[in-house]
Engineer: 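Just passing along the structure, written as structure tokens.
Order of the sequence lines sets the chain letters (A, B, ...), proteins ahead of strands, with each chain counted from 1.
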Number of protein chains: 2
Amino acid sequence: MRAQQRVLAAIEKDFKAAGLPPLGWYDVLWELVKAEAGRLRPFEIEARTLLAQYNLSRLIDRLEKEGLVRREAYGEDARGCWVTVTEAGRAMRARMWETYSRSIEKHVGAKLSDPDARKLATLLSRLV
Amino acid sequence: MRAQQRVLAAIEKDFKAAGLPPLGWYDVLWELVKAEAGRLRPFEIEARTLLAQYNLSRLIDRLEKEGLVRREAYGEDARGCWVTVTEAGRAMRARMWETYSRSIEKHVGAKLSDPDARKLATLLSRLV
DNA sequence: GCATTATATATGCAACTGCATCTACTTCAA
DNA sequence: TTGAAGTAGATGCAGTTGCATATATAATGC
């Protein structure tokens, strides 16, 4: 818990210093960029990111307001929608990754050898 | 990040199911119970728990409203105060520990051997 | 001494979260 | 075919957080 708290705080701080939005935005944008056609249903994003449904719904509001994603109709089921990443969204993800990757390297990579990092990942994976 | 999120959510869920307050309360009460005379200055709690100053200030408000701690004057510096754990606070900490310890065992202990848990702790300690 | 700076804690406000519930569909079963 | 139950997503509200700043007191430099 302590380690997570420290590392997360350090990364968020780097993001803020770079004038970037919160880290949570990255996860959603990244899932969308990875997805086929750059779009997913909200419930798919939910499953991939572990965001709560009501939090995701509002996070999409914020991303949409910033023009990083678009909500589009989902034909086969009128209840649903697609969330599609825009060009601005892709650009923002790329820009965030520059800071993020450096931040991960600084706060995690620099403190563990590659075998140790792998060992850590293995141990943690048993908890999920 | 994922592992922490999952484990924390599972523990908070156990707390809720047992009708207990949030996990954060435990940390503060435990620091106070461990401390000499069952009291600490807010900034000492802050350093031990990694809570932000403004969050701690309001957490103490909530604990005080529930009668679990008391704010008392600190003679040598009129800016400061003592936060003292009450008998009700000690009882609550003990009650929380019953759920907490079982929860840790269930969500962490049961998934790692003792040597693996030690290894994990060692690796994580390098990140803080 | 006295103004400046630093420290300890609190607080107004805006943003975010959790919870419960709502709306709008879809599906299923008789 | 229709009513009950299920699913996708949104939202009102209360509680919590982060940020900036306020308040009160102490320490420090000149």
Engineer: Can you list, in residue-number order, the parts of residues 4-24 of chain B that come under 4.0 Å of DNA chain D, counting heavy atoms only?
Structural biologist: none
Engineer: At what distance, to the nearest 0.5 angstrom, does CG of B:Leu8 lie from NZ of B:Lys13?
Structural biologist: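 Going from CG on B:Leu8 over to NZ on B:Lys13, the span is 13.5 Å.
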Engineer: Roughly, in whole Å, what's the span from CD in B:Glu72 to C1' in C:dT9?
Structural biologist: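 For the pair B:Glu72 CD and C:dT9 C1', the rounded distance is 16 Å.
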Engineer: Determine yes or no for a side-chain-to-main-chain donor-acceptor pair under 3.5 angstrom, with A:Thr86 supplying the side chain and A:Gly67 the backbone.
Structural biologist: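 Checking the backbone N and O of A:Gly67 against the side chain of A:Thr86, a donor-acceptor pair under 3.5 Å is found.
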Engineer: Between B:Arg102 and B:Asp14, does at least one N-O distance fall below 4.0 Å, as a salt bridge requires?
Structural biologist: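 A salt bridge is absent here (no side-chain N lies under 4.0 Å from a carboxylate O).
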Engineer: For residues 34-55 of chain A, which side-chain N or O atoms pair as donor and acceptor with protein atoms under 3.5 Å away, sequence neighbours left out?
Structural biologist:
unit_1  : atom_1 : unit_2  : atom_2 : d
A:Arg41 : NE     : A:Cys81 : O      : 3.2
A:Glu44 : OE1    : A:Arg41 : N      : 2.7
A:Thr49 : OG1    : A:Ile45 : O      : 2.8
A:Thr49 : OG1    : A:Leu51 : N      : 3.3

Engineer: Quick check against the 3.5 Å criterion: does B:Thr99 have a side-chain atom that pairs as donor or acceptor with the backbone of B:Met96?
Structural biologist: no
Engineer: Does the pair A:Arg95/A:Glu98 count as a salt bridge with the N-to-O cut at 4.0 Å?
Structural biologist: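 Not counted as a salt bridge, because no side-chain N and carboxylate O are separated by less than 4.0 Å.
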Engineer: What pairs with B:Phe15 under ring-ring contact (aromatic ring centres under 6.0 Å, His included), at least two apart in sequence or on another chain?
Structural biologist: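 Scan of B:Phe15 (ring-ring contact (aromatic ring centres under 6.0 Å, His included), adjacent residues dropped) gives B:Tyr100.
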Engineer: Separation of B:Leu63 atom CG from C:dA10 atom C1', in whole Å?
Structural biologist: 16 Å
Engineer: Quick check: do A:Leu112 and B:Leu127 have side-chain heavy atoms less than 4.5 Å from each other?
Structural biologist: yes
Engineer: Round to a whole Å and report the spacing from CD of B:Glu76 to C1' of C:dT7.
Structural biologist: 15 Å
Engineer: With sequence neighbours left out, write down each residue that passes ring-ring contact (aromatic ring centres under 6.0 Å, His included) with B:Trp82, or none if nothing qualifies.
Structural biologist: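 If we apply the ring-ring contact (aromatic ring centres under 6.0 Å, His included) test to B:Trp82, skipping adjacent residues, the hits are B:Tyr74.
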Engineer: Do B:Val128 and A:Leu124 share a hydrophobic cluster, counting only Ile, Leu, Val, Met, Phe, Trp and Tyr and linking them when any side-chain heavy atoms are less than 4.5 Å apart?
Structural biologist: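 Cluster IDs for B:Val128 and A:Leu124 differ.
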Engineer: When you measure from the side chain of A:Arg93 to the backbone N and O of A:Leu29, does any donor-acceptor pair fall under 3.5 Å?
Structural biologist: no
Engineer: Please check the phosphate of D:dG18 (OP1 and OP2 only) for any side-chain N or O of B:Asn55 closer than 4.0 Å.
Structural biologist: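 Checking D:dG18 against B:Asn55, a side-chain N or O does come within under 4.0 Å of OP1 or OP2.
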Engineer: I need the CG-C1' distance between B:Leu59 and C:dT9, as an integer number of Å.
Structural biologist: 14 Å
Engineer: Tell me, which of residues 25-39 of chain A have any heavy atom that sits under 4.0 Å from an atom in DNA chain C?
Structural biologist: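 Residues of residues 25-39 of chain A that come under 4.0 Å of DNA chain C do not exist, since none gets that close.
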Engineer: How would nucleotides 2-10 of chain D be written as a contact map, 5' to 3', with B for base contact, S for sugar-phosphate-only contact and - for no contact, using protein heavy atoms under 4.0 Å?
Structural biologist: ----BBSBB
